[in-house]
Amino acid sequence: MLIVTCVKQVPDTTQVKVDPVTGTLIREGVPFIMNPYDTHALEESLRLKDKYGFRVAVISMGPPSAEVTLRKTIAQGADEAILLSDRVFGGADTLATSMVLTGAIKKLAEKEELAIIMCGRQTIDGDTAQVGPGIATRLGCSQLTLVDRVEEVDLKSKIIKVRRKLEGRHEIVTSPLPVMIAVLREINTPRYPNVPMRLMAADAPVVLWDNKAMKMDETTIGLKGSATQVRKIFSPERVKGEILGQETDKPEDTAKLLISRMIEKDLLSL
């Protein structure tokens with residue numbers, strides 16, 4: 001049975017700058033990394049592979065440079081890596097992105113029984129957390145989000161049991177396979193590939209699927225298939241800070257001053 005793990009190459013957001021004139025990201029010299037949440041999705045897929053014998057295929061939609069990220073997933077233990085790259089995929093919002101990823105998952109499922117679609121909770125560049133649920137909706141399967149532990153998989157009954165982290169509590173839920181799982185950072189600690197695996201991955205093939213291979217309706221993908229479009233990217237202006245209570249030396253007076261200023265700025269509701 002197959003686990004399809006979705007990963008995305010994202011800019012290292014600690015080093016991204018915005019062009020003040022054009023309002024676009026300055027990409028030159030910016031390093032790219034695998035989306036941190038996706039590293040935990042991959043690790044959980046590999047742990048399930050080790051325990052239950054699943055095969056793990058990793059897919060990513062992005063530019064040709066995303067091949068580097070996919071090659072790293074092979075070094076960590078993925079069995080297959082597929083890059084979905086074509087100009088007609090470009091400019092996609094979460095709706096159009098989930099359409100392409102779903103198409104790729106269906107294509108993989110034609111040859112091997114699909115068990116799990118593993119995703120990170122969200123990406124650090126979009127922060128929408130919509131792609132995983134979008135895939136589940138289009139596949140017509142269950143979706144388990146905010147998962148911080150996979151309890152067990154019953155391969156005979158084709159049922160998975162997981163723990164979800166909610167506000168102030170956890171819940172244990174079960175679902176039939178196939179299922180989409182979106183994981184939290186707390187679920188595991190990603191492994192580091194050893195030297196032999198790195199050397200093997202350097203020569204391993206990364207399969208390219210463009211739209212000639214995918215055969216998707218171009219009106220449903222990329223910019224044409226996107227229900228939303230980004231008009232402008234900008235950094236919000238930060239108001240210069242101020243020091244309060246310079247002559248206040250009693251904690252009680254400091255607290256009163258702070259609370260009164262927060263009420264003044266409508267940051268507290270009483």
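Along the sequence shown, residues carry numbers from 1. Keep in mind that what you see is a predicted model, and the values were worked out from it rather than measured.
Evaluation of the side chain to side chain donor-acceptor pair (under 3.5 Å) test over residues 202-213, restricted to residues two or more places apart or in two chains, returns none.
By the 4.0 Å N-to-carboxylate-O rule, Lys240 lies too far from Glu242 to be salt-bridged with it. Salt-bridge check for Arg47 with Glu43: passed, with a basic side-chain N closer than 4.0 Å to an acidic carboxylate O. Residues Lys107 and Glu110 are not paired through a salt bridge, judged by the lack of any N-O separation under 4.0 Å between the basic side chain and the carboxylate. Ion pairing between a basic and an acidic side chain is recognised when a charged N comes within 4.0 Å of a carboxylate O; Arg71 and Glu67 show such pairing.
Contact between Arg121 and Ala129 at its shortest, heavy atoms only, is O-CB, 3.3 Å.
To the nearest 0.5 Å, the span separating OG on Ser60 from CG on Leu101 amounts to 8.0 Å.
Using a 4.5 Å cut-off between side-chain heavy atoms of Ile, Leu, Val, Met, Phe, Trp and Tyr, Leu146 falls into a hydrophobic cluster with Leu166, Leu184.
Side-chain contact, Thr145 with Arg164: a donor N or O sits under 3.5 Å from an acceptor N or O.
Put simply, Leu144 and Val183 are part of the same group of oily side chains (I, L, V, M, F, W, Y) that touch within less than 4.5 Å, one to the next.
Looking at Asn35, its side chain does come within 3.5 Å of a backbone N or O of Gln122 through a donor-acceptor pair. The closest donor-acceptor contact from the side chain of Tyr52 to the backbone of Val153 lies under 3.5 Å. Checking side-chain atoms of Ser157 against main-chain N and O of Asp154 turns up no donor-acceptor pair under 3.5 Å.
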Run the side-chain contact (heavy atoms from CB on, under 4.5 Å) check on Asp79 and Lys49 step by step: do they pass?
CA-CA 10 Å; Asp79 298 295; Lys49 171 188 173 181; 3.0 Å; yes

Let's go through Arg163 and Glu151 carefully: what are the C-alpha distance in whole Å and the side-chain angles of both, what is the deciding distance for salt bridge (Lys or Arg N to Asp or Glu O under 4.0 Å) to 0.1 Å, and is it a yes or a no?
CA-CA 7 Å; Arg163 189 177 77 171; Glu151 300 284 351; 5.1 Å; no

Which side-chain N or O atoms in residues 88-95 pair as donor and acceptor under 3.5 Å with protein atoms at least two apart or in another chain?
{"unit_1": "Asp93", "atom_1": "OD1", "unit_2": "Leu95", "atom_2": "N", "d": "3.1"}
{"unit_1": "Asp93", "atom_1": "OD1", "unit_2": "Ala96", "atom_2": "N", "d": "3.0"}
{"unit_1": "Asp93", "atom_1": "OD1", "unit_2": "Ser226", "atom_2": "OG", "d": "3.3"}
{"unit_1": "Asp93", "atom_1": "OD2", "unit_2": "Ala227", "atom_2": "N", "d": "2.8"}
{"unit_1": "Asp93", "atom_1": "OD2", "unit_2": "Thr228", "atom_2": "N", "d": "2.9"}
{"unit_1": "Asp93", "atom_1": "OD2", "unit_2": "Thr228", "atom_2": "OG1", "d": "3.0"}
{"unit_1": "Thr94", "atom_1": "OG1", "unit_2": "Gln130", "atom_2": "OE1", "d": "2.7"}

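Tyr37 is not listed as a side-chain neighbour of Ile187, based on a closest heavy-atom distance of 4.5 Å or more.
Applying side-chain contact (heavy atoms from CB on, under 4.5 Å) to Leu84 and the options Ile221, Val100, Thr97 leaves one that passes, Val100.
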